[in-house]
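A quick write-up on the structure given underneath.
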Amino acid sequence: MGRITKGVAVGNVKIGAGAPITVQSMITVPLSDTDRALAQLLDLEQSGCEIARAAVPSEEDARALNIITKKAKMPIVADIHFDHRLAISSAKNGAAKIRINPGNIGGAQKVKEVVSCLKDLGIPVRIGVNGGSLEKELLEKHNGPTAQAMLESAESHIAILEKESFNDIIVSLKASDVPMTVEANRLFAQKFDYPLHLGVTEAGGGMEGVVAGSIGIGTLLLDGIGDTLRVSLTGNPVEEIRVGQHILKMLGLRKAGARIVSCPTCARCKVDLVSIAEQVKASCRHFKSEIIIAVMGCAVNGPGEAKHADIGVACGQGNGVLFKGGKIIGGVREEDIASAIVELAEELESAAAIT
């Protein structure tokens, strides 16, 4: 059983209180460049992104939210640092959530002004604690960034908002150090019931970023900790969504979409299994229904995996045996394996859409 948290509404998306775990990303272009920003948001939406964040370093960017939030289908989070006026402007221009650290926007009066605006508009706050930008006094106290220092930073920011009777809060505790990130979130989960936004920050790109994010986020989700997530990767933010969705699928926390089971291959494999698996994956990436597809290279584990999948193939010498619903339905030549599997998968996808 997962950790029970408060529920927070981010536009039309629910976070916490048992709601499905959502996958987020962040656009990489200025909001003021509205055409490019909207194009990137559309790419994210089509990839399955449920919440998108955007940096708001200027009033021009804040005003652009008035255009963008009317056209984007998913909630937009305004990422604010230092200037409380940008938080207020972003909220008034349609932001569904404000990412802010109340301790760095200029004092109690400015916090009150932001909170008053957010209360009036019903907009929540995400307190974002980052191991790379902790308060100087905490770094001195703990001799550098630590999980305990991150917890204390979160506590201080929460206290500022709670003093203003504001509790519509989501919290993130992220570091580039995976064990520190995990420990900080575990410490927080023991003490508070605010929803947690999971992530490993500055994780890098490619394999390094995917591995760091998957280990950090996956470990916490297995602990029952976490209500929404972002896999931070250097590069195209669409990849963040794909990785985030795969993390949830592998943990059994999200059922929708095709899951490809394929073997790593060995000397027993007598077909180009890598190419076949990639073709199937690319063709079925857009699926909405839960379909398990097994693409297996030989007769050792192949028949068993294929039998237990919705659709599968166990390959032999330049050919394969197709399975559907646990039963053999025929043989197929190597060059036709990918197309045959995709055709069967599309039939299941269409049937699921009708029902």
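One is the number of the first residue; the rest follow in order along the sequence. Source: prediction; values computed, not measured.
Heavy atoms from other residues, nucleotides or ligands lying under 6.0 Å from NZ of K163 number 12 at most. Around NZ of K307, the count of heavy atoms belonging to other residues, nucleotides or ligands within 6.0 Å does not exceed 12. Around atom CZ of R242, more than 12 heavy atoms belonging to other residues, nucleotides or ligands sit under 6.0 Å away. Enclosure of atom CZ in R333 is not indicated, since only 12 or fewer non-hydrogen atoms of other residues, nucleotides or ligands lie within 6.0 angstrom. Within a 6.0 Å radius of NZ in K92, no more than 12 heavy atoms belonging to other residues, nucleotides or ligands are found.
Side-chain atoms of E45 never come within 3.5 Å of backbone atoms of A72 as a donor-acceptor pair (strictly under, hydrogens ignored). When atom types are taken as modelled, the side chain of S350 and the backbone of E346 share a donor-acceptor pair closer than 3.5 angstrom. Checked by atom type and distance alone, the side chain of K174 never pairs as donor or acceptor with a backbone atom of S232 at under 3.5 Å. Without hydrogens or angle criteria, D79 side chain to A54 main chain gives no donor-acceptor distance under 3.5 Å. Proximity of a side-chain donor or acceptor of Q245 to a complementary backbone N or O of R254 within less than 3.5 Å is not detected. Between the side chain of S214 and the main chain of V210, a donor-acceptor pair closer than 3.5 Å is present. Side-chain atoms of T146 never come within 3.5 Å of backbone atoms of H142 as a donor-acceptor pair (strictly under, hydrogens ignored). For the pair N185 (side chain) and L173 (backbone), a donor-acceptor distance under 3.5 Å is present. E334 contributes a side-chain N or O that, together with a main-chain N or O of D272, makes up a donor-acceptor pair within less than 3.5 Å. Put simply, the side chain of E349 gets close to the backbone of K288: a donor and an acceptor are under 3.5 Å apart.
Between R3 and D227 there is a salt bridge, since a side-chain N of the basic residue sits under 4.0 Å from a carboxylate O of the acidic one. A salt bridge is absent between K110 and E113; no separation between the charged side-chain nitrogens and carboxylate oxygens falls under 4.0 Å. By the 4.0 Å N-to-carboxylate-O rule, E60 lies too far from R63 to be salt-bridged with it. Contact check on E240 versus R53 returns no salt bridge, with no Lys/Arg side-chain nitrogen under 4.0 Å from an Asp/Glu carboxylate oxygen. Ion pairing between D223 and R186 holds under the 4.0 Å rule for side-chain N and carboxylate O. One finds a salt bridge joining K324 and E347 here, because a Lys/Arg side-chain nitrogen approaches an Asp/Glu carboxylate oxygen to under 4.0 Å. Taking a cutoff of 4.0 Å between a charged side-chain nitrogen and a carboxylate oxygen, K141 and E152 qualify as a salt bridge. One finds a salt bridge joining E155 and K191 here, because a Lys/Arg side-chain nitrogen approaches an Asp/Glu carboxylate oxygen to under 4.0 Å.
A pairwise comparison of heavy atoms in V200 and V178 identifies CG1-CG2, 4.1 Å as the closest pair. The shortest heavy-atom contact between D61 and S32 is OD1-N, 3.0 Å. Annotation for S90 and I98: closest pair CB-CD1, 4.0 Å, computed over non-hydrogen atoms. Counting all heavy atoms, side chain and backbone alike, I291 lies closest to A345 at CD1-O, 3.7 Å. In terms of heavy atoms, L134 sits closest to S153 at CD2-CB, 3.8 Å. The shortest non-hydrogen separation linking L248 to I21 is CD1-O, 3.7 Å.
Distance CD/E335 to CD1/I276: 9.5 Å, rounded to 0.5 Å. Rounded to the nearest 0.5 Å, atoms CG (L138) and CD (Q148) are 9.5 Å apart. Of the inter-residue distances, the one linking H286 atom NE2 with S47 atom OG reads 13.0 Å to the nearest 0.5 angstrom. Rounding to the nearest 0.5 Å gives a distance of 12.5 Å between OG1 of T234 and CD of E239. In this structure, NZ on K97 lies 11.5 Å from CD1 on I76, to the nearest 0.5 angstrom. T5 OG1 to D193 CG: the interatomic distance, rounded to the nearest 0.5 Å, is 7.5 Å.
Under a hydrophobic clustering in which Ile, Leu, Val, Met, Phe, Trp and Tyr are joined whenever their side-chain heavy atoms come within less than 4.5 Å, directly or via other members, V114 and I123 fall into the same cluster. In the hydrophobic cluster analysis, where Ile, Leu, Val, Met, Phe, Trp and Tyr join through side-chain heavy atoms closer than 4.5 angstrom, I169 is grouped together with L187. Note: the hydrophobic cluster containing V23 also contains L44 (ILVMFWY, side chain heavy atoms under 4.5 Å, direct or indirect links). When hydrophobic clusters are built by joining Ile, Leu, Val, Met, Phe, Trp and Tyr residues whose side-chain heavy atoms come closer than 4.5 Å, directly or via intermediates, F166 is grouped together with I127. V111 is connected to L121 through a chain of hydrophobic side-chain contacts under 4.5 Å among Ile, Leu, Val, Met, Phe, Trp and Tyr, so both are in one cluster.
The shortest distance between side-chain heavy atoms of L31 and V56 falls below 4.5 Å. Looking only at side-chain heavy atoms (C-beta outward), H157 and E162 stay at 4.5 Å or farther from each other. Residues S289 and L348 fail the side-chain proximity criterion, which asks for heavy atoms closer than 4.5 Å. A heavy-atom distance below 4.5 Å is not found between the side chains of M150 and P145. The shortest distance between side-chain heavy atoms of T28 and P237 falls below 4.5 Å. Residues S25 and C49 have side chains in contact (heavy-atom distance under 4.5 Å, counting atoms from C-beta outward). Side-chain atoms of I68 and T34, non-hydrogen and from C-beta on, do get closer than 4.5 Å to each other. The closest side-chain heavy-atom distance from L222 to L251 is below 4.5 Å.
When the options V321, V280, N319, I341 are evaluated for a side chain to side chain contact (heavy atoms under 4.5 Å, CB included) with V313, the one that passes is I341. When R126, H197, R99 are each tested for a side chain to side chain donor-acceptor pair (under 3.5 Å) with S172, only one passes: R126. The one candidate from V238, V29, D35 that meets the side chain to side chain contact (heavy atoms under 4.5 Å, CB included) condition with Q40 is V29.
For the residue pair N130/S133, the side-chain donor-acceptor check at 3.5 Å is not satisfied. A donor-acceptor contact under 3.5 angstrom links the side chains of Q279 and S275, judged on distance only. Between the side chains of D83 and H81, not a single donor N or O lies within less than 3.5 Å of an accepting N or O.
Residues passing the ring-ring contact (aromatic ring centres under 6.0 Å, His included) test with F192, sequence neighbours excluded: F188. Listed by chain and residue number, D33 satisfy the side-chain hydrogen bond (donor to acceptor under 3.5 Å, both in side chains) test with R36 (two or more places apart in sequence, or in another chain).
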Apply side-chain contact (heavy atoms from CB on, under 4.5 Å) to residues E164 and K112 and explain how you reach the verdict.
CA-CA 7 Å; E164 301 301 323; K112 287 182 180 180; 3.3 Å; yes
Let me see the working for L322 and I328 under side-chain contact (heavy atoms from CB on, under 4.5 Å), right down to the final yes or no.
CA-CA 6 Å; L322 290 172; I328 295 175; over 6 Å; no
side-chain contact (heavy atoms from CB on, under 4.5 Å) between T22 and I15: does it pass, once the steps are laid out?
CA-CA 7 Å; T22 50; I15 294 177; 4.2 Å; yes
